[in-house]
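To keep things clear, I will list the structure first and then write my remarks on it.
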Amino acid sequence: MVLGARVISKVALLSARRLFARDSSNKLFVGGLSYDTNESILREAFSAHGVVTQVRVICDRRSGKSKGFGFVQFSQESEAATALQQMDQQLLEGRNIRVCYANKE
DNA sequence: AGTGAGCGA
């Protein structure tokens, strides 16, 4: 039946979003960071749009140098949503950063 | 690799 197929594909999409990209979350992926941008700088910039509950800049384990991307988590999804709008493509430490919703870990 | 898309031990 058509209705049955629609329900199945809907369920498939929903479960896929649990594993991969999200269209709404309180956690953001931040790419395009300067290699000099640390977690303090990142927190400072994003806390203008809400309560930041966690910040992380991914660094190489051996060199300790930033990989140029990180994650920012807010206390509310609404805060993440506005931060995403306001911070995407904004200049930070000389680089235009890219903000998206984070994928599932 | 003093580099530039991506998704974390």
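Residue numbers start from 1 in every chain, and the chains themselves are labelled A, B, ... in the order their sequence lines are given, proteins ahead of strands. Side chains are part of it too, since the values below use all heavy atoms of this structure and drop only hydrogens, waters and symmetry mates.
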Margin query: Using the rule given for side-chain contact (heavy atoms from CB on, under 4.5 Å), can you reason through A/Glu77 versus A/Arg22, listing the C-alpha separation, both sets of side-chain angles and the distance that settles it, and then say yes or no?
Written below: CA-CA 12 Å; A/Glu77 284 190 9; A/Arg22 308 171 182 178; over 6 Å; no
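- Just one of A/Val99, A/Val30, A/Asn96, A/Leu28 meets the side-chain contact (heavy atoms from CB on, under 4.5 Å) condition when paired with A/Asp88; it is A/Val99.
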Next item on the list: Before giving the answer on side-chain contact (heavy atoms from CB on, under 4.5 Å), spell out for A/Val52 and A/Val72 the whole-Å C-alpha distance, their side-chain angles and the decisive distance to 0.1 Å.
Entry: CA-CA 7 Å; A/Val52 177; A/Val72 177; 4.0 Å; yes
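- In this structure, A/Ile41 and A/Glu93 have side chains that are in contact, with non-hydrogen atoms separated by less than 4.5 Å.
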Notebook entry, point to check: Which is it for A/Lys27 and A/Gln73 under the side-chain contact (heavy atoms from CB on, under 4.5 Å) test, yes or no, and what are the steps along the way?
Noted result: CA-CA 4 Å; A/Lys27 188 175 282 190; A/Gln73 186 176 36; 3.8 Å; yes
Note to self: For a side-chain contact (heavy atoms from CB on, under 4.5 Å) check, start with the C-alpha distance between A/Phe29 and A/Tyr101, then their side-chain angles and the critical distance, and finish with the verdict.
What the structure shows: CA-CA 6 Å; A/Phe29 167 84; A/Tyr101 284 114; over 6 Å; no
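- Heavy-atom distances under 4.0 Å link DNA chain B to no residue of residues 74-89 of chain A.
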Notebook entry, point to check: Quick one: what's the B/S/- string for nucleotides 2-9 of chain B, heavy-atom cutoff under 4.0 Å, read 5' to 3'?
Noted result: -BBBBBBB
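- When side chains are defined from C-beta on, A/Phe46 counts as touching A/Met87, because their heavy atoms get closer than 4.5 Å.
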